[in-house]
Amino acid sequence: MASDAAVVHAPWQDRQELWRHLRRGRQSDRVQVAVTERAGLISWAPFHMAVGIGIWFALPAQPSTLEYGVTLALLAIGLVLWFAPPDLPSYATLLRLGGFAAICIAIGFGLCGLRALRVEAPVLGFRYYGAIEGRVIRVDRSARDRIRLTLDRPRLERIAPGRIPETVRISLPAGATDAPPPGTHVMLTGHLGPPPGPAEPGGFDFRRSAWFASLGAIGYTRAPVTVAAPPEPGGALRLHRLRMQLSAAMQQRIGGQAGALAAALMTGDRSGIAEATNQMMRDSNLFHIISISGLHMGMLAGFVYAATRYAAVLFQCISRRGQSFPAHKLGAVVAILSAGAYLWLSGGGVATERAFLMVTVMLGAILADRRALSLRTVALAAVFILALAPEALLTPGFQMSFAATVALVVIYPPLQRRCRGLPWPIRPLVLLILTSLLAGMATSPIAAAHFSRMAHYGVLANLLVVPVTGALIMPMGPLAALLTPFGLEGPALWLMGLGTRWMLAVGEWIASLNGAVSFVIMPGPLVLPLMGGGAMMAVLGWRGDVPAWRNARIWAGGAMLLVSTALWLMTARPYVLISRQGDAVGIMTASGRALSKAKGGAFTVGEWLEKDGDLIAQADAAKRQGWSGPVKERRATLGSVEILHLTGKGSEEAAARECDLVDIIVSDREIAPLGGRCILLDLQALRKSGSVAIHHDDENLAWITAAEVAGKRRWTR
């Protein structure tokens with residue numbers, strides 16, 4: 001780590017000569033401090049870039065010329081401070097550090113603006129029903145266990161070409177098992193609409209993710225899909241079709257969900273995995289293995305690196321040549337090429353590209369005669385990723401992968417030194433247990449904040465599965481792909497199938513244990529930034545030459561962690577939640593959230609209960625005390641406020657009749673303006689405001705809408 005102070009090592013003969021040196025000026029000391037700080041500043045670059053990116057996304061409105069002008073001014077000030085001459089006063093080094101931070105913050109802010117302009121595409125602003133035509137570019141499976149098609153070059157009737165989205169995504173009917181291969185031009189009749197807003201104010205906003213993916217509409221069809229034209233022989237999707245063919249072959253040869261898992265790990269095709277399997281993997285904390293990430297890329301690259309290096313050393317020993325070549329660099333080159341091939345085979349994707357960048361940077365450090373695993377190499381990979389896709393900072397995959405990597409880089413070297421005294425047969429097992437526990441501790445708070453879910457036996461599940469993944473699944477998959485042209489892939493696929501079946505067996509066992517999963521309350525918007533910033537401040541501020549109790553950065557990081565924990569513990573869930581479709585209303589009671597309907601708004605209601613930390617099903621939550629009346633006219637009393645939830649036909653007549661008798665009316669239908677004293681939240685009003693949350697204190701109800709929280713951004717129009 002960089003040092004904050006220089007240490008003078010000079011053979012001064014007497015104190016008088018030393019005093020004359022210090023009185024002449026501290027230029028040499030300042031130069032040494034500047035050089036030392038600059039040598040370690042790459043570790044701080046992603047931290048400061050994240051601040052700029054976070055500010056850009058936190059703004060309530062799209063940045064204007066004024067904000068970007070301030071950013072340019074900040075960049076100019078940072079450059080002036082960074083390139084300041086070394087003969088400034090003794091605080092010049094602090095000014096340079098401030099200049100470096102200003103440069104990175106301005107770069108992070110500006111990169112977000114450039115990225116938003118680069119991905120800008122039309123978004124469907126209304127609900128559409130009619131003919132849809134387009135080219136299949138992706139096949140996956142939805143949370144409702146339905147196959148989905150992503151189409152580019154869509155054509156929609158009665159809509160001008162300039163208003164048609166670049167890509168749309170359509171769910172096929174329940175029970176559909178076959179999907180046309182990528183590159184196929186299809187025709188169908190379906191429903192489309194804009195990407196939906198968050199289930200509650202401050203919740204996950206899918207519109208933002210869809211915007212940066214240039215996904216302009218989502219929908220469904222109940223009709224069969226008609227093939228308008230077969231895939232073109234060439235084109236960019238030819239390789240994608242080859243991947244899908246490999247995926248189908250692996251699923252057929254291995255069979256069942258084990259084959260679907262193997263195909264997902266090798267080709268990124270997760271369309272064959274049932275939602276029940278996905279849920280089981282989440283409950284056992286093995287879901288991250290399904291997603292191609294740094295774990296798989298690192299396993300594959302590590303296997304290839306070690307195998308190539310040992311083969312090169314063996315060749316040199318057998319050939320007995322006088323001049324040897326660097327086997328470790330040859331292994332790094334072959335590993336980079338293998339990781340690139342795996343990137344293509346898996347179909348790319350943001351998470352896979354992130355993993356490839358991390359592995360490439362680390363192997364590149366070997367080629368440059370640097371440490372492969374260090375905070376600088378991890379930071380360099382983070383800088384590349386944030387520069388290419390700044391929005392990745394907000395994703396749980398980015399946060400969890402780098403949290404685990406940083407934790408392992410910091411702790412593994414001293415841990416390895418302490419384990420050297422252990423007998424060699426048990427040393428790898430002890431290291432595996434401790435590193436798995438450490439990675440789980442680093443990622444669990446992030447997973448809980450994003451998903452409101454904690455898998456309590458996840459460390460045990462990963463201890464049983466990760467070694468098998470590295471020993472069988474990851475090596476055998478690429479080997480099977482290499483042997484396929486010769487018809488010799490059978491044994492490799494058989495071994496790979498053993499590994500995936502073991503993964504399923506462990507996952508089912510762990511998920512079936514009592515207390516395997518619990519939910520936690522969703523934290524407020526400041527918790528994760530303070531938690532991540534405090535952890536990075538403490539890690540990057542650690543220095544071996546200064547005791548921890550005298551290190552201001554560690555104190556600052558610890559304070560941020562304590563504040564984030566306190567804010568999380570003091571989080572209060574909304575007293576009332578109203579869905580953006582008006583089909584569900586939930587009020588908080590002493591026994592938990594009581595729902596107005598046993599059916600309707602299932603996805604939204606599930607999000608509410610998870611964020612409440614409540615494991616109950618929707619039907620059981622609807623039986624809680626708090627609501628009364630017939631199914632289509634549910635009533636609840638909130639102190640002195642009475643709320644009426646109307647659904648289905650007859651809502652307009654009931655609203656006109658009850659407006660003077662109740663305070664709030666919620667409906668999933670459009671209702672003409674009422675002349676009474678009630679507040680009307682019908683479907684038309686909720687489409688503008690989005691979901692609504694009402695907080696309660698001793699005297700008043702405080703309203704907040706999803707539109708107010710999201711602000712006026714490009715993806716909220």
Peer 1: Determine yes or no for a side-chain-to-main-chain donor-acceptor pair under 3.5 angstrom, with Lys597 supplying the side chain and Ala622 the backbone.
Peer 2: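 Judged by distance alone, no pair lies under 3.5 Å.
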Peer 1: Under the 3.5 angstrom rule, does the side chain of Arg148 hit a backbone N or O of Val139 as a donor-acceptor pair?
Peer 2: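 Looks like no, no N/O pair under 3.5 Å.
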Peer 1: For the residue pair Arg208 and Trp56, would you count it as a cation-pi contact if the rule is NZ or CZ under 6.0 angstrom from the ring centre and within 45 degrees of the ring axis?
Peer 2: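 Output no; distance or angle outside limits.
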Peer 1: For Gln257 and Thr277, does a side-chain donor sit closer than 3.5 Å to a side-chain acceptor?
Peer 2: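 Yes, Thr277 and Gln257 have a side-chain donor paired with an acceptor closer than 3.5 Å.
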Peer 1: Quick one, Asn462 and Asn285 - any side-chain contact, counting heavy atoms below 4.5 Å?
Peer 2: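 The answer is yes; the side chains approach within 4.5 Å.
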Peer 1: Is a side-chain donor-acceptor pair under 3.5 Å present for Thr604 with Glu607?
Peer 2: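 No, because no side-chain N or O of Glu607 sits under 3.5 Å from a partner of the opposite role on Thr604.
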Peer 1: Under 6.0 Å from the ring centre and within 45 degrees of the ring axis: does the NZ or CZ of Arg453 meet both conditions for the six-membered ring of Phe519?
Peer 2: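 Relative to the ring axis of Phe519, which defines the angle, Arg453 lies outside at least one limit.
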Peer 1: Show your reasoning for whether salt bridge (Lys or Arg N to Asp or Glu O under 4.0 Å) applies to Arg635 and Glu642.
Peer 2: CA-CA 7 Å; Arg635 299 173 184 269; Glu642 187 172 357; 3.6 Å; yes
Peer 1: One thing to verify: whether Arg138 and Asp152 come together as a salt bridge, which I'm taking to mean a side-chain N less than 4.0 angstrom from a carboxylate O.
Peer 2: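 The answer is no: the pair does not qualify as a salt bridge.
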Peer 1: Whether the Glu633 and His645 side chains hold a donor-acceptor pair (N or O, under 3.5 Å, no angle test) is what I'd like checked.
Peer 2: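 There is no such pair (donor and acceptor under 3.5 Å, judged by atom type) between the side chains of Glu633 and His645.
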Peer 1: Could you check whether any side-chain N or O of Asp668 sits under 3.5 Å from a backbone N or O of Gly648, counting only pairs where one atom can act as donor and the other as acceptor?
Peer 2: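 A pair under 3.5 Å: yes.
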Peer 1: Starting from the C-alpha separation in whole Å, work towards a yes-or-no answer on salt bridge (Lys or Arg N to Asp or Glu O under 4.0 Å) for Glu652 and Arg657.
Peer 2: CA-CA 9 Å; Glu652 188 167 356; Arg657 183 180 66 250; over 6 Å; no
Peer 1: Quick one: do Glu670 and Arg687 make a salt bridge, cutoff under 4.0 Å?
Peer 2: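 Counted as a salt bridge, because a side-chain N and a carboxylate O are separated by less than 4.0 Å.
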Peer 1: Report yes if the side chains of Pro195 and Trp211 come closer than 4.5 Å at any heavy-atom pair, otherwise no.
Peer 2: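 A side-chain contact under 4.5 Å is absent here.
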Peer 1: Please examine the side chains of Val168 and Thr150, heavy atoms only from C-beta on, and report whether any two atoms are closer than 4.5 Å.
Peer 2: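 They are not in contact (no side-chain heavy atoms under 4.5 Å apart), so the answer is no.
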Peer 1: Between Ser651 and Lys632, is any side-chain donor less than 3.5 angstrom from a side-chain acceptor?
Peer 2: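 The criterion, which ignores hydrogens and geometry beyond distance, is not satisfied for Lys632 and Ser651.
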Peer 1: Hey, does Met503 have a side-chain heavy atom less than 4.5 Å from the side chain of Leu261?
Peer 2: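 Answer yes - side chains close enough.
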Peer 1: Do Ile170 and Leu192 make a side-chain contact, defined as non-hydrogen atoms from C-beta onward lying under 4.5 Å apart?
Peer 2: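 When only atoms from C-beta onward are counted, Leu192 and Ile170 do touch, with a gap below 4.5 Å.
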Peer 1: A side-chain contact here means heavy atoms from C-beta on lying under 4.5 Å apart; do Leu661 and Glu658 qualify?
Peer 2: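 A side-chain contact under 4.5 Å exists here.
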Peer 1: Find out whether Arg624 and Leu595 are in side-chain contact, i.e. whether some heavy atom of one side chain is under 4.5 Å from a heavy atom of the other.
Peer 2: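 With C-beta onward as the side chain, the pair stays apart.
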Peer 1: For Asp283 and Val517, indicate whether the former's side chain and the latter's backbone hold a donor-acceptor pair under 3.5 Å.
Peer 2: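 Absent.
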Peer 1: Of the non-hydrogen atoms in Leu215 and Thr167, which two are nearest, and what is the gap between them?
Peer 2: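 Of all heavy-atom pairs spanning Leu215 and Thr167, the closest is CA-OG1, 3.3 Å.
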Peer 1: May I ask you to test the Ile664-Trp703 pair for a side-chain heavy-atom distance under 4.5 Å?
Peer 2: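 Touching, per the 4.5 Å side-chain cut-off.
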Peer 1: Tell me if a side-chain donor or acceptor on Gln399 pairs with a main-chain N or O of Pro396 at a distance below 3.5 Å.
Peer 2: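 No: the side chain of Gln399 does not pair with the backbone of Pro396.
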Peer 1: Whether the side chain of Ser214 engages the backbone of Val119 through a donor-acceptor N/O pair (distance < 3.5 Å, no angle test) should be reported.
Peer 2: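 It does hold such a pair.
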Peer 1: Got a donor-acceptor contact below 3.5 angstrom from the Trp568 side chain to the Ile521 backbone?
Peer 2: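 Side chain of Trp568 to backbone of Ile521: a pair is present.
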Peer 1: Between atom CD1 of Ile446 and atom CZ of Phe451, what is the distance when rounded to the nearest 0.5 Å?
Peer 2: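 Result: 10.5 Å between the selected atoms.
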Peer 1: What's the shortest heavy-atom distance between Pro196 and Asp205, and which atoms?
Peer 2: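 In this case the closest contact between Pro196 and Asp205 is O-OD1, 4.2 Å.
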Peer 1: Look only at the side chain of Ser579 and the backbone of Ala584, and say whether a donor-acceptor pair between them is shorter than 3.5 Å.
Peer 2: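 It does hold such a pair.
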Peer 1: So, Tyr220 versus Tyr129, ring centres under 6.0 angstrom or not?
Peer 2: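 Here the rings of Tyr129 and Tyr220 have centres that are no less than 6.0 Å from each other.
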Peer 1: Do the charged groups of Arg115 and Glu391 touch, with an N to O distance under 4.0 Å?
Peer 2: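 Glu391 and Arg115: salt-bridged.
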Peer 1: With a 3.5 Å distance limit and no angle check, can you tell me whether Ser691 reaches the backbone of Arg580 through a side-chain donor-acceptor pair?
Peer 2: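 The answer is no, because no donor-acceptor pair under 3.5 Å joins these two groups.
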Peer 1: Which pair of non-hydrogen atoms, one from Ala174 and one from Arg146, has the smallest distance, and what is that distance?
Peer 2: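 Heavy-atom minimum between the residues: CB-NE, 3.7 Å.
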Peer 1: Does Glu120 pair with Arg714 as a salt bridge, N-O distance under 4.0 Å?
Peer 2: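 Yes, Glu120 and Arg714 are salt-bridged.
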Peer 1: Look up atom CD1 in Ile164 and atom CG in Leu156, then write down how far apart they are to the nearest 0.5 Å.
Peer 2: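 Answer rounded to 0.5 Å: 5.0 Å.
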Peer 1: Cut-off 3.5 Å, side chains only: do Ser518 and His456 have a donor facing an acceptor?
Peer 2: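 Yes - a donor-acceptor pair under 3.5 Å links their side chains.
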Peer 1: Are any side-chain N or O atoms of Thr221 and backbone N or O atoms of Ala223, one a donor and one an acceptor, separated by less than 3.5 Å?
Peer 2: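 Yes: the side chain of Thr221 pairs with the backbone of Ala223.
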